[in-house]
Amino acid sequence: MSSLQLFQATPFSATSPITHYWPLQLQAVESCSNMSELKQHHSQIIKLGLSTNNDVMGRVIKFCAVSKHGDLGYALKAFDTIPQPDAFIYNTVMRGYLHCRFPRNCIHLYIQMLENSVLPNNFTFPCVLGACCHGNAVEQGRQVHAHVLKFGYSSHVVCLNNLIHMYVNFEFLGEARRVFDRMLKRDVVSWTTLISGYAQWGCVDEALTVLESMPERNSVVWNALIAAYVQNKRFHEAFDLFDRMRAENVVLDKFVAASMLSACTGLGALEQGIWILSYIEKNGIELDTKLATTVIDMYCKCGFLQKALEVFHRLPCRGVSSWNCMIGGLAMHGKGEAAIELFMEMERKAVAPDNLTFVNVLNACAHSGLVEEGQYYFQYMTEVHGIDPRREHYGCMVNLLGRAGMLEEARKLMDEMPMSPDASVLGALLGACRIHGNIELGEQIGKKLIDLDPNNSGRYVLLANIYASAGKFEDVANLRKLMNNRGVKKCPGFSAIVLKGVVHEFLAGEETHPQAKEIYTKANEMLECIRSAGYVPCTEEVLQDLEEEEKENPLYYHSEKLAMAFGLLKTNPGEILRITKNLRVCRDCHQASKLISKVYDREIIVRDRNRFHHFKNAL
DNA sequence: GTAGGGTTAG
């Protein structure tokens, strides 16, 4: 018999509360599973004359304010009927406000609590400090800090941890540190909060120093730092920390697994990624939605689109990020139609797309030259989903139109943007000017872009290429001078190929490789073979790299060609060649790669700084 | 009541 039935079967008189039924009433409220049950009990409570009893009403408020099936509005109404609410009740309503993202109301209630002379306790401070964080209430936060001391909680670890957290949230790292330093007793949360605080705000080295002085480290604190290194793109250091963590026999849990998978993604380190994945499987770590999304991203960005799709389709529960990631993955691999199809499936499954979904869909259209589709979705996102285009959406459209040669439309769209175009939007247009040889517009945009982004060597190179293709070598020379004067270093292009776990890197025209002679012989043979298959060098991009020594044979020995020659030398017939390049693949290399894939009957997958190119049988 | 993980155009 449930306690609910027990109550309904028992007759009560509203005028004579039967006090020994309290515990049952309390239990009944706590076992409610929805609001209508709760309301029934609440009316019983009123009938029993218990509505002024804080123990009973505390339970009612707790259910309404913070439980999963509660109702904050009802909690507030009930709260207003209580003559002398105690600290528990205040705390609970404050938590309710916080859960429902009304931090200002939470702070206000805290003030009301003090005005009514109800003393805050150790449960009050974490809550109100959290509200200060979310409500961006810096001054109030400082005052609450004073209250923590004044009301006698200056050695309560949880309260102090929350103070550290609040100061970290406001980027007051010095204050956070002061609280931490003055603590007589610290727990692992104190350490982790401070360390991840430093890490989150980019002070990774301070974070490491604190970690070094920590007595015992668990996986949470290791991960706080590993994740920070990954976010700061310091992947090798993330690996170093990971090794140290394992040396201390701290077990790899799903959070660390996710961070390390991201590190693998950043490095394109597929083998290590697969190692972590197999660890996940072997140790029964649950592949939840977030972790699976990380795996999908890893496979996409390491060039294994098929594997990514397998993981994606096996996922029982997909969040919007999982869809975005997979759509973006398909886009990145030039599979525009498949990306759009997946987007349509997402809509059929009634998953609400967000702005990132549309960045990826538009990008898919751009990579695959689907101009009309792109224009359609650009309107569709606002009209159907009410998502206003942001800069990045305009950037996608400028890129899409520009690549298709619709430079005037691209420029018009850029002028119509409600926000000022940033370097990336201008960069998209400049790239299009170079592809389509529009010198006039290119010069205009290029100059603007260099002013906006003066330390990015790629911008100079792009404009220089535009000048060079127009034969304006004087302008090329002036640009190079400008770069030198400003100390802007050109980013050297290199390609890498991984063979048997060893990374082999190649610089354009480089001759210092131990097997240089062999590689160049193979490269020459390779070029000879494709020439007889119809290869004509595309010389307009000769100035892709502004280096003097590359003028001799600039195209023939671009780094990806060397990596390909090396790959052909060192792998068996039929093996896929996977090459990574730090810059964009130039048009000549693109053409050459197609022919090499045919002549040598090899699938070649080149990852450049933006996307993957698949070459198979000259396509 | 407090600490750690996912997707972002060129």
Side-chain angles (χ1 to χ4, degrees), chain A residues 66 91-92 94-95 98 121-130 156-166 168 187-197 199-200 218-228 230-231 253-262 265 288-298 300-301 318-329 331-332 354-367 374 390-400 402-403 422-432 449 458-459 462 584 608-611:
Chain A
V66 296
N91 292 346
T92 309
M94 283 166 60
R95 263 170 67 204
L98 197 56
N121 63 21
N122 52 317
F123 289 90
T124 314
F125 295 116
C127 182
V128 69
L129 289 169
H156 193 282
V157 178
V158 177
C159 290
L160 297 180
N161 288 349
N162 278 281
L163 274 174
I164 298 174
H165 185 258
M166 180 192 70
V168 160
D187 65 8
V188 64
V189 179
S190 329
W191 289 89
T192 310
T193 308
L194 185 69
I195 290 170
S196 67
Q200 274 161 26
N218 64 10
S219 65
V220 179
V221 73
W222 279 110
N223 189 49
L225 204 48
I226 290 174
V230 173
Q231 271 154 26
D253 65 14
K254 65 173 177 177
F255 296 98
V256 179
S259 301
M260 289 311 300
L261 281 169
S262 297
T265 306
D288 64 19
T289 312
K290 284 187 177 184
L291 191 53
T293 303
T294 319
V295 174
I296 292 168
D297 193 45
M298 193 262 305
C300 285
K301 291 188 179 145
R318 299 168 196 151
V320 61
S321 299
S322 324
W323 290 93
N324 289 352
C325 195
M326 199 62 247
I327 292 170
M332 194 190 302
D354 62 11
N355 65 309
L356 272 180
T357 315
F358 286 103
V359 168
N360 290 340
V361 168
L362 295 177
N363 184 30
C365 296
H367 280 319
R390 301 186 185 185
R391 262 206 193 94
E392 46 271 43
H393 299 108
Y394 282 101
C396 291
M397 288 309 288
V398 168
N399 180 34
L400 173 78
R403 276 178 184 276
D422 65 355
S424 59
V425 179
L426 289 166
L429 190 54
L430 182 61
L449 191 53
R459 315 298 191 194
L462 214 48
R584 294 306 311 268
D608 73 17
R609 73 180 298 160
N610 290 331
R611 56 169 286 180

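A note on names: the letters A, B, ... follow the listed sequences, proteins ahead of strands, and every chain is numbered from 1.
For the side chain to side chain contact (heavy atoms under 4.5 Å, CB included) with Thr192(A), the qualifying choice from Ile164(A), Val221(A), Leu225(A) is Val221(A), the only one to do so.
For Ser262(A) and dG6(B), a side-chain-to-base donor-acceptor distance below 3.5 Å is absent, hydrogens and geometry of angles not being considered. Donor-acceptor pairing under 3.5 Å, judged by distance alone, is present between the side chain of Ser424(A) and the base of dA9(B). With hydrogens and angles ignored, a donor-acceptor pair under 3.5 angstrom links the side chain of Thr293(A) to the base of dG6(B). Checked by distance alone, His156(A) brings a side-chain donor or acceptor within 3.5 Å of a matching partner on the base of dG1(B). A donor and an acceptor atom sit less than 3.5 Å apart, one in the side chain of Thr192(A) and one in the base of dA3(B).
Atom CD1 in Ile296(A) sits about 19 Å away from atom P in dG5(B), given to the nearest Å. Here dA9(B) presents its C1' atom at 14 Å from CG of Asp608(A), a figure rounded to the nearest Å. Separating the CG atom of Leu426(A) from the P atom of dG10(B) is a distance of 16 Å, rounded to the nearest angstrom. Atom CZ of Arg390(A) is separated from atom P of dT7(B) by 16 Å (rounded to the nearest Å).
For dA9(B), the OP1/OP2 oxygens have no side-chain nitrogen or oxygen of Arg391(A) closer than 4.0 Å. For the pair Asn324(A) and dT8(B), the criterion of a side-chain N or O lying under 4.0 Å from OP1 or OP2 is not met. Between Lys290(A) and dG4(B) there is no side-chain polar atom (N or O) within less than 4.0 angstrom of OP1 or OP2. One finds a side-chain N or O of His367(A) lying less than 4.0 angstrom from the OP1 or OP2 phosphate oxygen of dG10(B).
Arg95(A) comes within contact range of the sugar-phosphate backbone alone, with a heavy-atom separation under 4.0 Å but no base atom that close.
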